[in-house]
Visitor: 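Shown below is the structure under consideration.
Throughout, protein chains are lettered first and strands after them, A, B, ... in sequence-line order, and every chain is numbered starting at 1. When reading the values below, keep in mind they use all heavy atoms of this one structure, side chains included, and skip hydrogens, waters and symmetry mates.
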2 protein chains.
Amino acid sequence: MADVFQLLAEPSRRHLLEALRDGERSVGELVDRTRMSQPSVSKQLRILRDSGVVAVRPAGRQHLYSIRGRSLREASEWLSYYERFWQDGLTRMDEVLRREPGRRPRTKA
Amino acid sequence: MADVFQLLAEPSRRHLLEALRDGERSVGELVDRTRMSQPSVSKQLRILRDSGVVAVRPAGRQHLYSIRGRSLREASEWLSYYERFWQDGLTRMDEVLRREPGRRPRTKA
DNA sequence: CGGACATATATCCCTTTAGGCATGGGATAA
DNA sequence: TTATCCCATGCCTAAAGGGATATATGTCCG
C-alpha cells in the first residue's frame, strides 16, 4: 500500500476527492469547489494522480479528473479489520471482559 | 472528525493498531511487536489515546491498551462513499462513459 | 502569428512532527 | 527504604510537506 492514508491525511486532498464523488471535474471546477488556489489544486492533484487515486483525461484545453477506486480500496480493507470494534454494540468493556485473566507480563509472542 | 486519517498516516501508529487487533496489550508487548523504541511507542500511544482511538487501563505497573472503534468508524464511513468506484467491476472507463457528453466548461455548480 | 485562457511546475518559506536520548515518576518486591 | 521494573515526558534535531507567488507549457481563437 503506497501509503494511501498518507494521501488522505491532508484535508485539501480529501476535499478534492469529495468534489470528485459524483464524476469527473475540470481543474477550474475543483478550484471553485474547494476554495483553494489553482496551483495548490494542481499540486495535490499531481500527488493523487501519481498514486493512482485519480486519473486525468485531456479535453480541449482543460484536464478532467476522476476517481480511481483501486488505492482507496486498500485503505477500506485495512479498516475493515476493525469493524468488529464498533459493531454489535461491542464496547471497550466487552472487550476487556473477553480477555483471559491470567496475563503474563511481557512475553515475546 | 479530529482527523483520523492524520493518525493513520503514520506507519508506526498503524503498526500499533495492528498489534492491538486481537485484544489489549501492555506497552512492553507493543514494543516487542513493533520493534520501536519504548519512548516512541509511548509517544504514539499518547496521540492515539488523546484522539480516542485507543483506551488505557492500569494493571499493576503496566498499562494495558486496547482499541476503541469510535474514531476509526468515521474514517471507514468516509471511505464508504467511494465503494462504488471499485465495486461491480466499475472501472474509470465505465465512469467516463456514464457522464453526459455536453460538458459546460467551468460552471459554479 | 498574437493574445487570452487553462493548467502545470519551480522555488521559497514556514509549520508540523517523528525519533533519539535522557530523565522523571509510579508501582512492586526485597 | 532501596532497588528495580514499567512507562511517560521534555528537549532537541532533522526532515517532510503544504501554501503562496511567479513563471512556464499548452491549447483555442481571431
Side-chain angles (χ1 to χ4, degrees), chain A residues 1-20 24-66 102-108, chain B residues 1-20 24-66 102-108:
Chain A
M1 136 168 49
D3 255 305
V4 197
F5 287 112
Q6 177 77 16
L7 301 176
L8 300 178
E10 193 58 33
S12 62
R13 286 193 285 262
R14 285 203 305 275
H15 293 332
L16 286 173
L17 292 177
E18 288 166 5
L20 287 171
E24 55 182 6
R25 299 289 171 191
S26 73
V27 176
E29 286 175 315
L30 293 173
V31 168
D32 293 339
R33 289 176 165 232
T34 59
R35 295 194 174 272
M36 302 168 58
S37 71
Q38 179 266 314
S40 289
V41 168
S42 284
K43 188 177 192 173
Q44 303 307 327
L45 283 176
R46 165 78 185 205
I47 296 175
L48 291 172
R49 179 161 47 108
D50 289 345
S51 309
V53 180
V54 301
V56 216
R57 181 171 71 96
R61 46 182 167 180
Q62 42 190 16
H63 298 187
L64 300 181
Y65 283 82
S66 58
R103 299 220 27 77
R104 66 283 182 248
R106 205 133 187 219
T107 316
K108 199 68 175 184
Chain B
M1 134 168 48
D3 256 304
V4 197
F5 288 111
Q6 177 77 17
L7 301 176
L8 300 178
E10 192 58 32
S12 62
R13 287 193 284 262
R14 285 204 304 276
H15 293 331
L16 286 173
L17 292 177
E18 288 166 4
L20 287 172
E24 56 180 6
R25 298 288 171 193
S26 71
V27 176
E29 286 176 315
L30 293 174
V31 169
D32 292 340
R33 290 177 165 232
T34 58
R35 295 194 175 269
M36 303 168 57
S37 72
Q38 179 265 313
S40 289
V41 168
S42 284
K43 190 183 247 178
Q44 302 307 328
L45 283 176
R46 166 78 185 203
I47 296 174
L48 291 172
R49 179 160 49 107
D50 289 346
S51 309
V53 179
V54 301
V56 216
R57 179 172 71 95
R61 47 182 167 181
Q62 40 190 15
H63 297 187
L64 300 182
Y65 282 83
S66 58
R103 299 223 23 81
R104 65 283 185 251
R106 208 147 177 213
T107 317
K108 197 71 173 185

Visitor: Contact class for Pro39(B) (heavy atom, under 4.0 Å): base, sugar-phosphate, or nothing?
Guide: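 It contacts base atoms.
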Visitor: For Gln6(B) and Asp3(B), indicate whether the former's side chain and the latter's backbone hold a donor-acceptor pair under 3.5 Å.
Guide: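 It does not hold such a pair.
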Visitor: With heavy-atom distances below 4.5 Å as the criterion, would you say the side chains of Arg57(B) and Tyr65(B) are in contact?
Guide: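 The answer is no, as the side chains (C-beta and beyond) never meet within the 4.5 Å cut-off.
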Visitor: Is it the case that the side chain of Arg13(B) and the backbone of Leu7(B) share a donor-acceptor pair, with hydrogens and angles ignored and the cut-off at 3.5 Å?
Guide: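 Yes; at least one donor-acceptor contact below 3.5 Å.
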Visitor: Measure distances between side-chain N and O atoms of Gln38(A) and base N and O atoms of dA6(C), and say whether any donor-acceptor pair falls under 3.5 Å.
Guide: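 There is none.
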Visitor: Starting from C1' on dT16(C), measure out to CG on Asp3(B) and report it in whole angstrom.
Guide: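 Those two atoms, CG and C1', are 13 Å apart.
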Visitor: Would you please confirm or rule out a distance under 4.0 Å between OP1 or OP2 of dA8(C) and any side-chain N or O of Arg46(A)?
Guide: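 No.
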Visitor: Take atom CG of Leu48(B) and atom P of dT17(C), then tell me their distance rounded to the nearest Å.
Guide: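 From Leu48(B) CG to dT17(C) P: 14 Å.
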Visitor: Does Leu30(A) offer a backbone N or O that forms a donor-acceptor pair with the side chain of Arg25(A) under 3.5 Å?
Guide: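 No, Arg25(A) side chain to Leu30(A) backbone: no donor-acceptor pair under 3.5 Å.
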Visitor: Counting only N and O atoms by type, is there a donor-acceptor contact under 3.5 Å from the side chain of Ser51(B) to the main-chain atoms of Ile47(B)?
Guide: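 Yes; judged by distance alone, with no hydrogens or angles, the pair exists.
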Visitor: Between dA8(C) atom C1' and Leu30(A) atom CG, what is the distance in whole Å?
Guide: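 Spelled out: CG on Leu30(A) to C1' on dA8(C) is 14 Å.
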Visitor: Check side-chain contact (heavy atoms from CB on, under 4.5 Å) between Ser42(B) and all other residues, then give those that pass, not counting sequence neighbours.
Guide: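 Once residues adjacent in sequence are excluded, the partners of Ser42(B) under the side-chain contact (heavy atoms from CB on, under 4.5 Å) criterion are Val27(B), Gln38(B).
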Visitor: Is the phosphate of dC6(D) approached by His63(B) (side-chain N or O, under 4.0 Å from OP1 or OP2)?
Guide: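 So the side chain of His63(B) is outside the cut-off, no N or O lying under 4.0 Å from OP1 or OP2 of dC6(D).
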Visitor: Who passes salt bridge (charged side-chain N to carboxylate O under 4.0 Å, His left out) against Arg46(B), sequence neighbours left out?
Guide: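 With neighbours one apart ignored, the set is Asp50(B).
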Visitor: Roughly how many Å is it from CZ in Arg25(B) to P in dC7(D), rounded to a whole number?
Guide: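 So the two atoms are 13 Å apart, to the nearest Å.
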Visitor: Look at Tyr65(A) and dA6(C) and indicate whether a side-chain polar atom (N or O) is within less than 4.0 Å of OP1 or OP2.
Guide: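 Tyr65(A) to dA6(C) OP1/OP2: no side-chain N or O under 4.0 Å.
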Visitor: Calculate the interatomic distance between Gln62(A) atom CD and dA8(C) atom C1'; express it in whole Å.
Guide: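 So the two atoms are 15 Å apart, to the nearest Å.
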Visitor: Tell me, please, which residues at least two apart from Pro39(A) pass side-chain contact (heavy atoms from CB on, under 4.5 Å).
Guide: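 Here the qualifying residues are Ser37(A).
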Visitor: Produce the list of close N/O pairs, under 3.5 Å, pairing protein atoms with atoms of nucleotides 1-5 of chain D; give distances to one decimal.
Guide:
from   : atom 1 : to       : atom 2 : distance (Å)
dC5(D) : O2     : Arg61(B) : NH1    : 3.2

Visitor: When the nearest nucleotide of DNA chain D is assigned to Val27(B) and to Gly60(A) on a heavy-atom basis, which residue is associated with the more 5' position?
Guide: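 Residue closer to the 5' terminus by nearest nucleotide: Val27(B).
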Visitor: Just by modelled atom types, is the Leu8(B) backbone N or O under 3.5 Å from a matching donor or acceptor in the Arg14(B) side chain?
Guide: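 Yes, the answer is positive, given that a donor and an acceptor are paired below the 3.5 Å cut-off.
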Visitor: Rounding to a whole Å, what distance do you find between Arg49(B):CZ and dA8(D):P?
Guide: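 After rounding, the gap between these two atoms is 7 Å.
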Visitor: Can you check nucleotides 17-19 of chain D for protein contacts, nitrogen or oxygen pairs under 3.5 Å, and list what you find?
Guide:
from    : atom 1 : to       : atom 2 : distance (Å)
dG17(D) : OP1    : Gln6(A)  : NE2    : 3.3
dG18(D) : OP1    : Arg13(A) : NH1    : 2.5
dG18(D) : OP1    : Arg13(A) : NH2    : 2.6
dG19(D) : OP2    : Gln44(A) : NE2    : 3.4
dG19(D) : N7     : Lys43(A) : NZ     : 3.1
dG19(D) : O6     : Lys43(A) : NZ     : 3.0

Visitor: Tell me the interatomic distance from Asp50(A), atom CG, to dA8(C), atom C1', rounded to whole angstroms.
Guide: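 Atom-to-atom, Asp50(A) to dA8(C), this comes out as 12 Å.
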